[in-house]
Undergrad: 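Let me give you the structure first, and then I'll get to my questions.
Each chain gets a letter, A, B and so on, in the order the sequences are listed, and its residues count up from 1.
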Number of protein chains: 2
Amino acid sequence: MQAENTTLNSFDPHVSVDCVILGYDGESLKVLLSRQGEEDPNSQYNSLKLPGRLLYADEDLDDAANDILNQLTGSQNHYVRQFRAFGSPTRTNNPKDVLWLENAIKQKIGRIVTIAYLSLVRINNRTHRTFAGHDAAWYKVSELPELAFDHSTIIREVLKELEMLSVQQPHLIFEMLPPKFTALQLRRVHEQICGHELDVRNFSKFIMNKPYIVPLDEWEQNVSHRAARFYKFQVGKVKL
Amino acid sequence: MQAENTTLNSFDPHVSVDCVILGYDGESLKVLLSRQGEEDPNSQYNSLKLPGRLLYADEDLDDAANDILNQLTGSQNHYVRQFRAFGSPTRTNNPKDVLWLENAIKQKIGRIVTIAYLSLVRINNRTHRTFAGHDAAWYKVSELPELAFDHSTIIREVLKELEMLSVQQPHLIFEMLPPKFTALQLRRVHEQICGHELDVRNFSKFIMNKPYIVPLDEWEQNVSHRAARFYKFQVGKVKL
DNA sequence: CCAAAAGTGTTAAAGTTACACCCATGT
DNA sequence: ACATGGGTGTAACTTTAACACTTTTGG
């Protein structure tokens, strides 16, 4: 913000907010992607993208992220935090993406600086809802198709961040689990995040006696082996 | 980036890059601030700011940060990394700042989204250099004057990040130290960062036998006590 | 009684914390 | 000799990592 240069060489890029919305379906880590247009493998543009949009006037970045999230999931109070800004001048240069952008936005797009957000949600039927003009669906992060812009890179970077968070702030992971869960379910999410198996007993010591994990008097039903206990996550007891 | 909204409610905010450039002068942690205009306590606007400017067309965010840094320090290869984007619609609303902005940029400023960077540099004479039209000088982070926009907040948040980094990636701290330093100097920087005293012996164990710290055959001269050994930091030996 | 997953404890190693004395130098 | 900071070790405790058997349930 120095005077002498601003009127000469500066310009105003578009600013967008994109959300990496992660969930766990009991088996794999998934990311919510939105599709613009028909599902056609021979399409001229990459129709899969991170959910996001340009920033509105007078809208805070965090508010935009929350709004995108609410639009898609139909519910509020999800965990969401800013991850990082991506602003390479070439990130919108893929001809497929240019084609789509000019179609969608109806004007020449010089450049878009995007602020990426990381969000953790519970996968349920509501989040599979289809919205007018665009679908949103869950995709395994381990088998991502080609995505628009640098969205694959953004997801990859966010997943590294998530791995760190799962160790340093393990309570965040409950955002992805149902209100009642077994020790196995909890361990599986962590394994998906860190990419390798975790020792059952050591993992128990790490997490199961945190004050915010409370055992319920409920057990699995109709399983052909010893029934696992259910636990719940108690928000009020999180201490860092 | 969804088509239906972009043409209706979206707009293009200005995008800037601001650098929190931190250094250590042997006594305190300092931040490099630039002053626009005369040093006048009764000035109508806040003349002290983080060094930064609007983004140029075709300029990557990281490149902008590096450029700002090079302009001020006159040297390259400083440690610099993106910290976080700040985009509250009200961050440019302080009347003092509005006055300055309209003066400096010669146009109505609706809003500026800034990408804040964290940088660690060595304080020396070159970094005290004055540039045409604006001064830059080091200020103690513990006694910051009033700053423009939300720059005080940005600095506060960056300092929290630095505290984390000094523990998790202690090698970064050498960016702020001279090529040769004593164990005391090293400890003092860490104490400034974490805000309390550190036990001499425990700190030694923590840092002094990392492979990237190499003892030199040089000792302090002319001190009225046992001379302290000098060490240097060996870049190639950093392992995380 | 078999298959399948649940649940539970110990030991060794590494790391962390708290704490105190002698050494080298200049005045 | 004294004032100043330099430099070093140990013991208690905590954390981490590796590792295996018994329990419960349904078929």
Undergrad: Answer yes if the ring centres of A:F149 and A:F86 are under 6.0 angstrom apart, and no otherwise.
TA: no
Undergrad: Using whole Å, report how far CZ of B:F230 lies from P of D:dG6.
TA: 11 Å
Undergrad: How close or far is atom P of C:dA6 from atom CD of A:E218, stated in whole angstroms?
TA: 17 Å
Undergrad: Can you tell me how far P of C:dG7 sits from CZ of A:R229, to the nearest Å?
TA: 8 Å
Undergrad: By salt bridge (Lys or Arg N to Asp or Glu O under 4.0 Å), which residues pair with A:D25, not counting sequence neighbours?
TA: A:K30
Undergrad: Atom CG of A:L186 to atom P of C:dA6: distance rounded to whole Å?
TA: 12 Å
Undergrad: Provide, to the nearest angstrom, the distance between the CG atom belonging to B:L184 and the P atom belonging to D:dG7.
TA: 9 Å
Undergrad: Using side-chain heavy atoms (C-beta onward) and a distance below 4.5 Å, is B:V121 in contact with B:L22?
TA: no
Undergrad: Return a single string for nucleotides 9-15 of chain D, one symbol per nucleotide in 5' to 3' order, where B is base contact, S is sugar-phosphate-only contact and - is none, cutoff 4.0 angstrom on heavy atoms.
TA: BB-----
Undergrad: Rounded to whole angstrom units, what separation is found between the CD atom of A:E197 and the C1' atom of D:dC19?
TA: 15 Å
Undergrad: Less than 4.0 angstrom from a charged side-chain N to a carboxylate O is my criterion; do B:R91 and B:D150 meet it?
TA: yes
Undergrad: Just how far, in rounded Å, is C1' of C:dG7 from CZ of A:R187?
TA: 11 Å
Undergrad: Using a strict 4.0 Å threshold on nitrogen-to-oxygen distance, state whether A:R122 and A:E175 make a salt bridge.
TA: no
Undergrad: Whether A:R81 and A:D62 form a salt bridge (side-chain N of Lys/Arg under 4.0 Å from carboxylate O of Asp/Glu) is what I want to check.
TA: no
Undergrad: Would A:K237 and A:F233 count as a cation-pi pair here, with the cationic atom under 6.0 angstrom from the ring centre and within 45° of the axis?
TA: no
Undergrad: Polar atoms only, N or O, under 3.5 Å: list the protein pairs with nucleotides 21-27 of chain C and their distances.
TA:
{"from": "C:dA24", "atom 1": "N3", "to": "B:R226", "atom 2": "N", "distance (Å)": "3.0"}
{"from": "C:dT25", "atom 1": "O2", "to": "B:S224", "atom 2": "O", "distance (Å)": "3.1"}
{"from": "C:dT25", "atom 1": "O2", "to": "B:H225", "atom 2": "N", "distance (Å)": "3.4"}

Undergrad: Under 4.0 Å between a Lys/Arg side-chain N and an Asp/Glu carboxylate O for B:R84 and B:E157?
TA: yes
Undergrad: Within this structure, what is the CZ-to-P distance between B:F203 and D:dG6, rounded to whole angstrom?
TA: 13 Å
